[in-house]
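The structure appears right after this line, and notes come after that.
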2 protein chains.
Amino acid sequence: MPETRSCQAHALKLACSNCNILEFCLPLGLTGEEVAQLDSLIMQRVKVKKDAALYRACDPLRFLYAVRIGFFKTDVLSLDGREQVTGFQMPGDMLGLDAVNSGLYTCNAFALEDSEVCAIHFDHLEKLAQELPSLQHNLNKIFSREIVRDHDMLMLLGNMNSDERLAAFLLNLSQRLNMRGYSSKEFVLKMRREEIGSYLGLRLETICRGIAHLRDHALVEVSGREVKILDMDRLKHLVAGCHRFS
Amino acid sequence: MPETRSCQAHALKLACSNCNILEFCLPLGLTGEEVAQLDSLIMQRVKVKKDAALYRACDPLRFLYAVRIGFFKTDVLSLDGREQVTGFQMPGDMLGLDAVNSGLYTCNAFALEDSEVCAIHFDHLEKLAQELPSLQHNLNKIFSREIVRDHDMLMLLGNMNSDERLAAFLLNLSQRLNMRGYSSKEFVLKMRREEIGSYLGLRLETICRGIAHLRDHALVEVSGREVKILDMDRLKHLVAGCHRFS
DNA sequence: CGTGTGTTTGATGAATTTCAAAGCAGGTGG
DNA sequence: CCACCTGCTTTGAAATTCATCAAACACACG
């Protein structure tokens, strides 16, 4: 049974080799025909240059996007122009889920480095999901995961001090990179301090000071955008509700 | 064409008269047979006493719930016991969407007054949605709307000061009550100051002071939990990025 | 009428923002 | 190849906002 599954997953992987959303959103147990359908759905690759917008708030929804290569941020602007970063997306993450409600994107999505996405025609996706229950179920789960992620952010913004927020942010990046096969201890930040600050509800200066604190306590080594995590356990301990350094 | 639709919607309304999720999540253009299916899906009514939990974090997902009567809050607890209220739900709002990802609820849901919900068996819902494209589409939209709502909260927590947050909170309640046919100018808060504070990332004392500020500027009249909005426009103006009272 | 829960207000202190200035790195043109 | 921008980061000092602590108050309920 597991044999069959992993075999089909493999076929799928080959068929969809231009897209790595596999491990995140693809159902298993499909026929070759179905795989072909799925493949055609996500065939469109799109390159996005650093600092270019993949889409902007109020653009009509046509595609959902799965990041293939690179790094994105999504943000919303308040009426008076203040930016709120709502997320950072790395390979395998989805973009555009917020647009399904109204049919218009509610965020701006920018590439933080030269990137590539799979464009998934949303109408086609819904049609196909109609025929593939497991695809539909996975789509539901992807939506739900996004909600859970946002709840985590509410907790962070509502209850954590600046150092805890920063530690939580670094740990989150670390884990997500790790899941994707990269080092969890050393990585490079693709965003500016100001964007981290916006995401965490803090000013950029506060981010700098937070980094200095973590460094002073030998939890991390940071130079510019290069991060090395020195003491994962104490970092986790800090986030887990301990307001002070241990 | 609109005739047919509204007629069917009406049939649906009758069929599902025990549940008012209609206007929020039901697709139009269904056959009588389909209406019957949908009706059976949401037939289960559940009463929840004030302060009782509808479900708790880590309970396995069996149902989504649509609030029929009453008022709920959802919250998550951090490891060290701090509460973060993630939302307040009134009639027509859905509960439990966060659980679809893992199959376990991630929040606690409490009734803030004697309430009643429609329990929607999630597995059945997915099955039925498989057969009714418009139901599936609506489900997707409901998920997406929740994400948009959360993004609004991120903006609020990340970029607004305490008075702006409070004003935004009151306006949000006002609008949602209005959409449901209640007064947008006068209403009763079902939650304590502490719960408002948790939701807005503030302490309860700060909520009190914020209310005093709004009162001083003749924007609202508040006594206990009774709220009367005196100047909707200036309240909106305050939220729209004007850091100070106008 | 007392008790408990929830609300309000004041005084103080801590955390974060703001303002300011200097440092650093990468890219460009002389 | 160097000097000079420009954008980003870092650090310091002052100002502000919000949290904390404390006490009084209001109201409902037994």
Side-chain angles (χ1 to χ4, degrees), chain A residues 50-51 73 80 82-85 110 112-114 156-170 188-216 220-227 238 241-245, chain B residues 50-51 73 80 82-85 110 112-114 156-170 188-216 220-227 238 241-245:
Chain A
K50 178 170 152 75
D51 295 327
K73 74 164 178 184
D80 60 332
R82 283 175 285 182
E83 176 188 36
Q84 176 67 43
V85 171
F110 296 101
L112 295 178
E113 60 181 350
D114 289 353
L156 182 145
L157 291 169
N159 275 302
M160 293 188 187
N161 67 31
S162 61
D163 291 331
E164 292 173 314
R165 292 184 201 190
L166 182 60
F169 170 71
L170 293 175
V188 176
L189 301 172
K190 305 297 186 182
M191 68 295 284
R192 297 179 309 230
R193 301 288 189 260
E194 187 174 6
E195 291 164 326
I196 300 175
S198 170
Y199 185 54
L200 299 179
L202 301 168
R203 299 280 113 165
L204 68 100
E205 295 95 328
T206 307
I207 301 300
C208 287
R209 287 184 237 274
I211 290 173
H213 295 162
L214 296 182
R215 186 174 19 229
D216 291 348
V220 300
E221 219 173 274
V222 181
S223 93
R225 299 197 175 181
E226 282 166 33
V227 176
L238 175 59
C242 310
H243 292 290
R244 304 244 143 257
F245 294 93
Chain B
K50 178 169 151 74
D51 295 327
K73 74 165 178 183
D80 60 332
R82 283 175 286 183
E83 176 188 36
Q84 175 68 43
V85 171
F110 296 101
L112 295 178
E113 60 181 350
D114 289 353
L156 182 146
L157 291 170
N159 275 301
M160 294 186 186
N161 67 33
S162 61
D163 292 330
E164 291 173 315
R165 292 185 201 188
L166 183 60
F169 171 71
L170 293 175
V188 176
L189 302 172
K190 305 297 185 182
M191 68 296 283
R192 297 177 310 220
R193 301 289 189 259
E194 187 175 6
E195 290 164 326
I196 300 174
S198 170
Y199 185 55
L200 299 179
L202 301 168
R203 298 281 114 165
L204 69 101
E205 296 95 329
T206 307
I207 300 301
C208 287
R209 286 184 236 275
I211 290 172
H213 295 163
L214 296 182
R215 183 172 24 224
D216 291 349
V220 300
E221 219 174 272
V222 181
S223 91
R225 299 199 174 181
E226 283 166 33
V227 176
L238 175 59
C242 309
H243 292 290
R244 305 243 144 256
F245 295 94

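Below, read A as the first sequence line, B as the second, and so on, with proteins coming before strands; counting in each chain starts at 1.
Atom CG in A/D114 sits 8.5 Å away from atom NZ in A/K50 (nearest 0.5 Å). Note that CD of B/E205 and OG of B/S162 are 12.5 Å apart. Values are rounded to the nearest 0.5 Å. Between the OH atom of A/Y199 and the CE atom of A/M191 there is a distance of 9.0 Å, given to the nearest 0.5 Å. Residue B/Q84 holds its CD atom at 4.5 Å from OG of B/S198, rounded to the nearest 0.5 Å. Atom-to-atom distance recorded for B/E83:CD and B/E194:CD is 7.0 Å, nearest 0.5 angstrom.
Following rounding to the nearest Å, B/D216 (CG) and C/dT9 (P) show an atom-to-atom distance of 9 Å. One interatomic measurement links the two molecules: CE of B/M191 to C1' of C/dT5, which rounds to 18 Å at whole-angstrom precision. Atom pair B/L166:CG and D/dT17:P shows a separation of 16 Å (rounding to whole Å applied). As a whole-Å value, the separation of B/E195 CD from C/dT5 P is 15 Å. Distance CG (A/L200) to C1' (C/dA15): 16 Å, rounded to an integer number of Å. The CG-P distance, from A/N159 to D/dT20, rounds to 10 Å in whole Å. Taking atom CZ of A/R82 as the reference point, atom P of C/dT17 lies 13 Å away to the nearest angstrom. Distance CE (A/M160) to P (C/dA14): 23 Å, rounded to an integer number of Å.
One finds no salt bridge joining A/E221 and A/R215 here, because no Lys/Arg side-chain nitrogen approaches an Asp/Glu carboxylate oxygen to under 4.0 Å. Residues B/R82 and A/E164 are paired through a salt bridge, judged by an N-O separation under 4.0 Å between the basic side chain and the carboxylate. No salt bridge links A/K190 with A/E195; every basic N to acidic carboxylate O contact stays at or beyond 4.0 Å.
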Q) Could you run down nucleotides 25-30 of chain D 5' to 3' and tag each one B, S or - for protein heavy-atom contact under 4.0 Å? A) ------
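By the 4.5 Å heavy-atom criterion applied to side chains, A/R165 and A/L202 are counted as neighbours. Between A/V227 and A/L189 the shortest side-chain heavy-atom distance falls below 4.5 Å. The shortest side-chain heavy-atom distance between B/L214 and B/L170 falls under the 4.5 Å cut-off.
Contacts between residues 204-212 of chain B and DNA chain C, defined by a heavy-atom separation below 4.0 Å, involve B/L204, B/E205, B/C208, B/R209, B/A212, listed by number.
Residue contacts shown for A/G197 are absent, as no nucleic acid heavy atom lies under 4.0 Å away. No contact: B/R165 has no heavy atom under 4.0 Å from any strand.
Distance from the side chain of A/R193 is smallest for D/dT9 among the nucleotides C/dT16, D/dT9, D/dT20.
In terms of phosphate contacts, A/R225 brings no side-chain nitrogen or oxygen within less than 4.0 Å of OP1 or OP2 of C/dA25. For D/dC8, the OP1/OP2 oxygens have a side-chain nitrogen or oxygen of A/R192 closer than 4.0 Å.
If one axis is set at each end of the helix from C/dC1-D/dG30 to C/dG30-D/dC1 from five pairs, those axes are 30° apart, to 10°.
B/I196 approaches B/I207 most closely through the heavy-atom pair CG2-CD1, 3.9 Å.
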